[in-house]
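Just so it is clear, the model here is predicted, and its values are computed rather than measured.
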2 protein chains.
Amino acid sequence: MAEASADRGRTTRQRLLGAAAALIAEVGWGGVSTRMVAERAGVAPGVVHYHFASLPDLLIAASTGVARAMLEELTGRLAEQPDPETGVEWLLGELSRYTGTDPASLLIVEMYLAAARLPDLRDRLHEIVADSRARVAAWLRERGHYAGRPGDAEAAAAVLVAAVDGLVLHRGLDPDLDLTALAGPLRAMVRTDGHEEGGGT
Amino acid sequence: MAEASADRGRTTRQRLLGAAAALIAEVGWGGVSTRMVAERAGVAPGVVHYHFASLPDLLIAASTGVARAMLEELTGRLAEQPDPETGVEWLLGELSRYTGTDPASLLIVEMYLAAARLPDLRDRLHEIVADSRARVAAWLRERGHYAGRPGDAEAAAAVLVAAVDGLVLHRGLDPDLDLTALAGPLRAMVRTDGHEEGGGT
DNA sequence: GGCCGACTTGGACGATTGCCCAAAACTATA
DNA sequence: TATAGTTTTGGGCAATCGTCCAAGTCGGCC
């Protein structure tokens with residue numbers, strides 16, 4: 001069989017995915033053209049539509065791949081933290097590496113935006129976000145003391161993940177925003193003593 | 001003078017701004033074309049470049065106008081809340097009106113995204129966000145009991161505003177996300193008793 | 001009535017777009 | 001070497017884009 005041909009095709013596909021992810025961050029989701037991707041990947045313009053049905057198809061595959069890897073690494077290392085309060089502190093430090101204008105941040109933001117208009121992408125991104133929310137909630141339940149009110153762990157995880165995305169967003173507007181200075185309120189949020197009764201729904 | 005002509009021009013300009021804001025939400029920042037705006041506003045295609053130097057110029061003016069009005073109304077009514085904890089609860093209720101896929105939400109998200117690539121827009125949006133952050137912080141200082149640690153009020157405001165944006169973002173992915181269920185953690189964050197010492201920097 | 005400035009019209013320009021396809025190139029098998 | 005299967009090439013297509021501009025309309029002022 002043409003095994004070597006298939007191999008060659010697979011690496012080309014990977015190069016296209018990599019080039020697409022980089023370009024989404026550089027020029028924006030709507031600014032990426034098939035010719036750009038092909039040139040960046042070092043292949044002929046037509047090759048894009050051989051490996052992918054359409055340009056949105058390529059962009060969705062490229063962005064979700066990167067996003068899933070990023071979020072899994074972040075939540076994985078967060079789950080290693082001994083308790084919620086130091087975990088939050090660690091998270092802010094980790095987040096400080098993203099200026100809001102670096103490729104990784106931009107790719108994520110672009111994806112959120114495009115998801116509003118591409119049902120396919122929306123579903124995939126929703127799955128990724130729900131995944132990390134569940135991981136964070138599980139970690140909070142395990143390392144915190146939410147035994148009595150598991151719903152609070154879910155809620156705290158939802159707010160935490162949303163705050164992370166929001167902070168990355170705001171960091172893009174204001175690179176001088178000092179994330180580590182925000183530890184106080186976040187620690188207060190995940191602290192397990194001093195919860196009032198009957199708070200939730 | 002041609003006073004009536006100037007009046008006619010002003011209303012045309014307003015119609016263009018309104019049409020542009022609506023279209024940004026409908027088809028996305030990058031999806032808006034001058035011809036679309038002109039048609040929606042009921043004028044000839046060329047009129048856009050008579051009233052605005054370029055298409056980005058028009059989009060920036062349209063989006064910042066709407067965003068400033070929205071945020072000023074929201075923070076203004078938040079500042080009327082008697083204390084932080086009920087204020088947070090009220091805020092979540094208010095936020096529930098935004099599904100994440102409604103025009104207002106989409107416009108905001110589109111703006112954040114475009115801001116990453118348009119320095120002009122980025123500066124204006126930064127100003128708007130910094131404004132609302134300052135308003136929230138002032139309200140927290142006034143109605144909460146942050147007298148001893150004013151930095152915590154700023155930090156809580158920053159996290160709160162970021163969480164709001166993040167939640168709107170996440171709501172676009174998951175319309176079933178129940179915002180009112182998240183009151184617990186947010187109340188814990190803005191509560192003024194039980195702060196540990198030396199938390200911050 | 002004639003003049004003048006502000007505003008509006010609708011088409012033209014060159015550039016770029018996503019997608020397509022016939023032909024060429026390459027590799028493993030017969 | 002011939003064949004079959006896969007991948008790559010590079011140009012072509014119709015459509016859309018932002019921007020511009022010469023001509024036209026409109027209202028108040030002399």
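- A donor-acceptor pair under 3.5 Å links the side-chain atoms of A/Asp102 to the main chain of A/Gly100, judged by distance alone.
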One character per nucleotide, please: for nucleotides 15-20 of chain C, 5' to 3', B when the base has a protein heavy atom closer than 4.0 Å, S when only the sugar-phosphate does, - otherwise. --BBBB

Assess whether side chain to side chain contact (heavy atoms under 4.5 Å, CB included) is satisfied between A/Ser96 and A/Thr180, documenting all intermediate values. CA-CA 8 Å; A/Ser96 294; A/Thr180 60; 4.0 Å; yes

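- When the P atom of C/dC7 is taken as reference, atom CG of B/Leu16 falls 13 Å away, rounded to whole Å.
- Scanning for salt bridge (charged side-chain N to carboxylate O under 4.0 Å, His left out) contacts around A/Glu72 gives an empty result, with sequence neighbours left out.
- Between B/Leu23 atom CG and D/dC17 atom P there is a gap of 12 Å when expressed in whole angstrom units.
- The pair B/Arg77-B/Glu73 meets the salt-bridge criterion, with a side-chain N (NZ, NE, NH1 or NH2) lying under 4.0 Å from an Asp/Glu carboxylate O.
- Using a 4.0 Å cut-off, some side-chain N or O of A/Tyr50 falls inside it from OP1 or OP2 of D/dT7.
- Remark: P of D/dC20 and CG of B/Asp57 are 12 Å apart, rounded to the nearest angstrom.
- Between the side chain of B/Trp29 and the backbone N or O of B/Leu59, no donor-acceptor pair lies under 3.5 Å.
- Across all strands, A/Val43 comes closer than 4.0 Å only to sugar-phosphate atoms, never to a base (heavy-atom distances).
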Side-chain donor-acceptor contacts of residues 112-130 of chain B below 3.5 Å, not counting sequence neighbours, with atom names and distances?
from     : atom 1 : to       : atom 2 : distance (Å)
B/Tyr112 : OH     : A/His170 : NE2    : 3.2
B/Tyr112 : OH     : B/Asp165 : OD2    : 2.4
B/Arg117 : NE     : A/Glu110 : OE2    : 3.4
B/Arg117 : NH1    : A/Ala25  : O      : 2.9
B/Arg117 : NH1    : A/Glu26  : O      : 3.1
B/Arg117 : NH2    : A/Glu110 : OE2    : 2.1
B/Glu127 : OE2    : B/Arg68  : NH2    : 3.3

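- The salt bridge (charged side-chain N to carboxylate O under 4.0 Å, His left out) search around A/Arg133 returns B/Asp174, not counting sequence neighbours.
- In this structure the side chain of B/Thr101 never reaches within 4.5 angstrom of the side chain of B/Pro175, judged on heavy atoms.
- In the region residues 109-123 of chain B, proximity to DNA chain D at under 4.0 angstrom, judged on heavy atoms, holds for none of the residues.
- With rounding to whole Å, A/His51 atom NE2 is found 8 Å from D/dT8 atom C1'.
- Atom CZ in B/Phe52 sits roughly 11 Å away from atom P in C/dT8 (whole-Å rounding).
- The separation between B/Glu39 atom CD and D/dG18 atom C1' is 17 Å, rounded to whole Å.
- Among the nucleotides D/dT8, D/dT9, C/dT9, the one closest to any side-chain atom of A/Ala44 is D/dT9.
- With sequence neighbours left out, the salt bridge (charged side-chain N to carboxylate O under 4.0 Å, His left out) criterion links B/Asp57 to no other residue.
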